[in-house]
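Just so you know, ligand 1 is whichever comes first in the structure, and atom 1 is the first atom listed for that ligand. Along the sequence shown, the residues carry numbers beginning at 1.
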Amino acid sequence: MSIPRSEKIWFNGEFVPWDDAQVHVTAHALHYGSSAFEGIRCYSTPQGPAIFRLDAHVDRLYKSCKIYRTEIPYSPDELRQAIIDTVRVNQHQSCYIRPLVFRGAATLGLKPYDCPVEVVIITFEWGRYLGPEALEQGVDVCVSSWARMAPNTYPASAKIGGHYTNSQLIVMEALANGYTEGIALDVHGYVSEGPGENIFLVEKQVVRTPSLASSILGGITRGCAMTLARDLGYEVREELIPREALYIADEVFFTGTAAEITPIRSIDRIPIGTGYRGPVTERIQSEFMGITSGQVVDRYGWLTPV
Ligand code: PPE
């Protein structure tokens, strides 16, 4: 499905028509994956459109760039405002927001420093990431034969374009074998995450998720799910999780900006729990959706009105 185009894209400080947001084929990022990005959702609420966890996403973008010695030529305040303005200009009620920082065209060769740091903000309507029924029915996934990156290879907590070649291998393998999504293990064989989602297990009343040491992206939705789970009275643990724990968990779910909170109903064709969204997943998901839809009080200050 092609991207539903919006009218304008924010491109290095100016709004340009969708079709005019072009780069040259020698752009450094195209050859070497030298880009950092974010995925943010803006939700429709009774008080109007509201951006979810804007500060946390902008903060992570700067950190991804810092790790890769890339200086963004705008302040975080300017970027936050530009994101709000882009949603407003395109008159979205709800949308997905993709800020992207990339090394543009100037020189080729690995040394990136002579290539300009360019920034774009793209917005578009994006529905259910893993299919329309996924949030209730759950998805069928597999454990991938591809592992996440070893810790001293690519820094997993930086959200960098080039890192997503690994994610693409996981997704393509899963689809080729008839699954909706894959789960990657880390280099030691412990559970890491999905190609674009973090993962949680529920066993009895304990909610477990791999720690940052298992080559995961420190997901913002993951943080929300941990907060909501604790508030609902569950014990939450970040820990090493062996692969087999997936099959015998009562419930397993993915979290992510695009995936939101998506139950997993089977892994490698083994049904998880009842083979349907479990009660703990449902409670966390319902709190999450209550807040994002503006139906439940935003008690953590997660929403920024547009
Ligand atoms: N792990 C990975 C590897 C990842 O890409 C994401 C987000 C997450 C975890 C969850 O992070 P957060 O969104 O902060 O809760 N993946 C983004 C891109 C997905 C895509 O297909 O593109 C997203 O969900 O926006």
Participant: Which pair of non-hydrogen atoms, one from Leu135 and one from Arg277, has the smallest distance, and what is that distance?
Facilitator: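 Where Leu135 meets Arg277 most closely, the heavy atoms are O-NH1, 3.4 Å.
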Participant: For Tyr96, give me all partners under ring-ring contact (aromatic ring centres under 6.0 Å, His included), at least two apart in sequence or on another chain.
Facilitator: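 In terms of ring-ring contact (aromatic ring centres under 6.0 Å, His included), with neighbours along the sequence ignored, Tyr96 is linked to Phe124, Trp126.
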Participant: For ligand 1, list every N/O pair with the protein closer than 3.5 Å, one pair per line with the distance.
Facilitator:
residue: ligand 1; atom: 1 (N); partner: Glu193; partner atom: OE1; Å: 2.7
residue: ligand 1; atom: 5 (O); partner: Lys159; partner atom: NZ; Å: 3.1
residue: ligand 1; atom: 5 (O); partner: Tyr164; partner atom: OH; Å: 2.4
residue: ligand 1; atom: 13 (O); partner: Thr257; partner atom: N; Å: 2.9
residue: ligand 1; atom: 13 (O); partner: Thr257; partner atom: OG1; Å: 2.5
residue: ligand 1; atom: 14 (O); partner: Arg60; partner atom: NH1; Å: 2.8
residue: ligand 1; atom: 14 (O); partner: Arg60; partner atom: NH2; Å: 3.0
residue: ligand 1; atom: 14 (O); partner: Ile220; partner atom: N; Å: 2.7
residue: ligand 1; atom: 15 (O); partner: Ile220; partner atom: N; Å: 3.2
residue: ligand 1; atom: 15 (O); partner: Thr221; partner atom: N; Å: 2.8
residue: ligand 1; atom: 15 (O); partner: Thr221; partner atom: OG1; Å: 2.6
residue: ligand 1; atom: 16 (N); partner: Lys159; partner atom: NZ; Å: 3.2
residue: ligand 1; atom: 16 (N); partner: Gly196; partner atom: O; Å: 3.3
residue: ligand 1; atom: 21 (O); partner: Tyr129; partner atom: OH; Å: 2.5
residue: ligand 1; atom: 22 (O); partner: Arg98; partner atom: NH2; Å: 3.0
residue: ligand 1; atom: 24 (O); partner: Thr257; partner atom: N; Å: 3.4
residue: ligand 1; atom: 24 (O); partner: Ala258; partner atom: N; Å: 2.8
residue: ligand 1; atom: 25 (O); partner: Tyr96; partner atom: OH; Å: 2.4

Participant: Can you list the residues that meet the side-chain contact (heavy atoms from CB on, under 4.5 Å) rule with Tyr300, with sequence neighbours excluded?
Facilitator: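 With sequence neighbours excluded, Tyr300 shows a side-chain contact (heavy atoms from CB on, under 4.5 Å) to Thr227, Leu228, Asp231, Ile291, Trp302, given in chain and number order.
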Participant: Would you call Glu260 and Arg128 a salt bridge, using N to O less than 4.0 angstrom?
Facilitator: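 A salt bridge links Glu260 with Arg128.
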Participant: For Glu193, enumerate each residue passing the salt bridge (charged side-chain N to carboxylate O under 4.0 Å, His left out) test, keeping only those at least two apart in sequence or located in another chain.
Facilitator: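 Applying salt bridge (charged side-chain N to carboxylate O under 4.0 Å, His left out) to Glu193 gives Arg148.
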Participant: So that I can tick it off, tell me whether Asp140 and Arg265 are bridged by a salt bridge, with the cut-off set at under 4.0 angstrom between side-chain N and carboxylate O.
Facilitator: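 Counted as a salt bridge, because a side-chain N and a carboxylate O are separated by less than 4.0 Å.
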